[in-house]
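None of the values given here were measured: they were computed from a predicted structure. Letters A, B, ... mirror the listed sequences (proteins, then strands); counts begin at 1.
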Amino acid sequence: MLNQIKSSLKVCLNSIDPSIDISADEIEVSLLFDEKGDFTTNIALKFSKIYKQKPSDLAKLIINSFPSQDFEKIEIAGPGFINFFLKDQFFFRLLNFQNNRFQDQSSVNIEFVSANPTGPLHLAHGRGAIVGDVLSNLYQFYGHIVTREYYVNNTGNQINEFLSSILFHISSKHNLNLPYQQFYKGDYIQELAEKCFENFKNIFDSPKLSKDEELQIVNFAIENLVNQSLKTLKHSGINFDQITYETSIVEKKLLPEIIKELEKKGLVYHGQLHDPKDFQGTKKDNEITIFKSTNFGDDEDRAITKNDGTPTYFANDIAYHVDKYQRQYSKLINIWGADHLGYLKRLSSALVSLYPEVNFSVVFCQIVNLKRNNEIQKMSKREGTIFELDELVKEIGIENYRYFMCYRKNDTHMDLDIDLIKKENKENPIYYIQYSFARSQSVLEKTNNVISSNIELSFELKNLIKKIHEWDLVVFNSYKRNEVHLIAHYLESAASMFHSLWSSAKSNPNSKFLDDNNNLSEDAQSLLKKYQLVISEGLGILGIKPKLKM
RNA sequence: GGUUCUGUGGUGAAACGGAUAUCACACUUGACUACGGAUCAAGAAUUCAGGGUUCGAAUCCUUGCAGAACCGCCA
């Protein structure tokens, strides 16, 4: 019906002035859930200038030429809104809307989590994990072929320090006197060190480890952590299609070609930036390769090579994204934590200067605080008070975990209130939604016969029908904007309207779905089934199964 | 100091530039021999402050104030 009104409005506008071309996308029609009407459009306000008319006059012209057979009345309201009142007999038509849903089967790459392989996943990774997975579901909902990708940064200093920390533990526990320092602390390092020791026992017979032996050990340790992380994610319903290691990107040796390309565009020079923190040696012999990211509004130019000639993290990251681009996705989406906010400019400008047509976007997830007993829990790696993701999921359950990670806009700070999440009542939205679904199911199960009687079109019933009709609009909007919280909010509000309708039957028995003999009208049946379908689709995108019984 | 984000009832949050700013909690009332009360109904805001753009601003621009994240040749 929304689309029908839209196209009728387009015809009206065209008949008013054929020389003006307004595209269907510019015509906004939305639903009303109060006494003002059932549908509304602002086009008379929006286009009054183009048509050189006062908004109210334009609205009048539109109404005069609008095919009004489906409507009780169409009126001008406020400064120039046009409100439509649907005839009662057409309400149940609003439930049939999903026949020609938008489809786009192009392939999309969504990269998320991509945690450093030097420790277990914790709360901070959890939000990006869910947002990435739900976004993937959303793209799949519209037919896209989605690759969920996990990137492992297994090179660089952090890896050396990680290895050193493991060997330090082995050395001190088994009195081996190996020359390694401790960087990372924590129980998981000790456990990992033990595993490495068990697996490579014979290596430690000699007093010194070769480079090759070190490599074996660190790879084993990384593999172990990555698998553990993937297992944690799998437990919360997240499965990756592709794991990409930084080393495999390095092996492809894309960097020289990339630097050459950027050089051609005048975006690379050799020289010096400020002294790095651990700078050693003389300045003269330390010319590095630098990307001119200030051309794109970045604060500073960024190094592509370090003073020892090896590529920076940034350099390898360009190569990684070039690699992704070359795999021919129509769209690349990254989910990043807020700590990468300042990193976007340099990466996207490098990527865009290489491939101006690239469709690359980043969805940022802000910090999550853990709230318990009404207090924000301070978390610190040093004090060992990091809350591992595994524990969180165990404590609150997958459904709660997934829902609550989605119900705030991704770029706002969020407090995850453990006590609230564990409640089983209205305060917990996911519970409230599931309860409405179970209620609808109980009616369907109690039904003796489906009959062709009429159900009274109360205010509450109309609202619920309209809400169901609105689903397509909401989910499409959520997809266009990469904002998954819109779905969570829709579900909550749909459930609220369902409960309202349910309770209205207390004061108005005609609003009951079932009659005294447990007969259900056809209309009511199609309403309930459609409600279940919409809720199932919405929860499905969030990765949650609806409950038939609770 | 720079870059980016945020500022909405007592609290936590919603709101493609649209009408009377929505939801939950807390607080105050009212509704249960129930199609599952695990619910429903009723009650509160000068949207941080000033200026601008617009028919129309929580939303866009600008100034100020307050808070957060980031600001290595670390990843």
Side-chain angles (χ1 to χ4, degrees), chain A residues 28 30 32 34 36 40 42 45-46 48-49 54-56 77-81 83 116 118 153 155-159 161 246 272-279 286 288-290 297-300 302-317 337-345 364 366-367 371 374 407-409 411-415 417 420 423-429 431-432 434-436 438-447 460 473 477 480-481 485-486 489 492-493 496 499-507 509 511-516 518 520 524 549-550:
Chain A
E28 296 167 42
S30 52
L32 293 171
D34 52 28
K36 290 195 291 256
T40 185
N42 58 2
L45 291 156
K46 199 172 168 186
S48 66
K49 248 189 201 148
K54 282 202 322 209
S56 54
F81 293 98
N83 293 343
N116 284 335
T118 54
N153 297 116
T155 72
N157 274 345
Q158 60 168 358
I159 299 302
E161 293 180 357
E246 189 176 357
Q272 287 162 352
L273 293 171
H274 310 289
D275 291 350
K277 275 184 184 165
D278 52 357
F279 183 78
N286 278 296
I288 55 169
T289 311
I290 299 168
D298 204 356
D299 313 346
E300 290 182 66
R302 304 294 175 175
I304 297 180
T305 60
K306 306 184 204 168
N307 60 21
D308 61 3
T310 58
T312 58
Y313 168 80
F314 172 46
N316 283 340
D317 219 23
D339 55 341
H340 277 65
L341 269 169
Y343 185 71
L344 174 62
K345 249 175 203 163
F364 284 99
Q366 269 289 359
I367 290 176
K371 206 168 164 188
N374 245 337
Y407 94 129
R408 292 288 177 246
K409 209 167 147 192
D411 60 6
T412 61
H413 294 235
M414 173 170 105
D415 295 335
D417 188 334
L420 186 150
K423 283 188 185 165
E424 299 198 333
N425 61 23
K426 207 184 159 183
E427 288 183 54
N428 179 339
Y431 205 87
Y432 182 74
Q434 294 281 28
Y435 182 49
S436 77
R439 272 182 153 177
S440 70
Q441 178 63 20
S442 78
V443 174
L444 291 173
E445 281 175 11
K446 266 199 173 166
T447 301
E460 287 84 1
L473 201 66
N477 202 16
K480 280 288 165 205
R481 292 162 61 179
H485 74 284
L486 296 174
H489 281 273
E492 196 178 344
S493 134
S496 162
H499 288 305
S500 283
L501 173 62
W502 186 284
S503 300
S504 72
K506 299 278 188 299
S507 54
S511 289
K512 277 192 165 188
F513 293 119
L514 294 172
D515 66 16
D516 294 340
N518 282 348
L520 186 67
K549 277 204 164 36
M550 309 178 58

Any base atoms under 4.0 Å from [X], or only sugar-phosphate, or nothing? Heavy atoms, all strands.
X	result
A:Ser442	base
A:Ala338	sugar-phosphate
A:Lys446	sugar-phosphate

May I ask which nucleotide in the shown strands pairs with [N], Watson-Crick or G-U wobble, both distances under 3.5 Å?
N	result
B:A75	none
B:G18	B:C55
B:A41	B:U29
B:U11	B:A24

Distance check needed: B:C23 P versus A:Leu420 CG, whole Å only.
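From A:Leu420 CG to B:C23 P: 18 Å.
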
On RNA chain B, check which nucleotide each of A:Gly156 and A:Thr40 is closest to and give me the residue with the more 5' one.
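Comparing both residues, the 5'-ward one is A:Thr40.
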
When you check the gap from the basic side-chain N to the acidic O, do A:Lys36 and A:Asp34 get nearer than 4.0 Å?
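Answer for the salt bridge query: yes.
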
When only distance counts, do a donor and an acceptor, one from the side chain of A:Asn428 and one from the base of B:A24, lie under 3.5 Å apart?
no

Does B:C35 have A:Trp502 stacked on its base, where the ring centres are within less than 5.5 Å and the planes differ by under 30°?
yes

Taking only the side-chain nitrogens and oxygens of A:Tyr432, find out if one of them lies under 4.0 Å from OP1 or OP2 of B:C40.
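For B:C40, OP1/OP2 do have a side-chain N/O of A:Tyr432 under 4.0 Å.
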
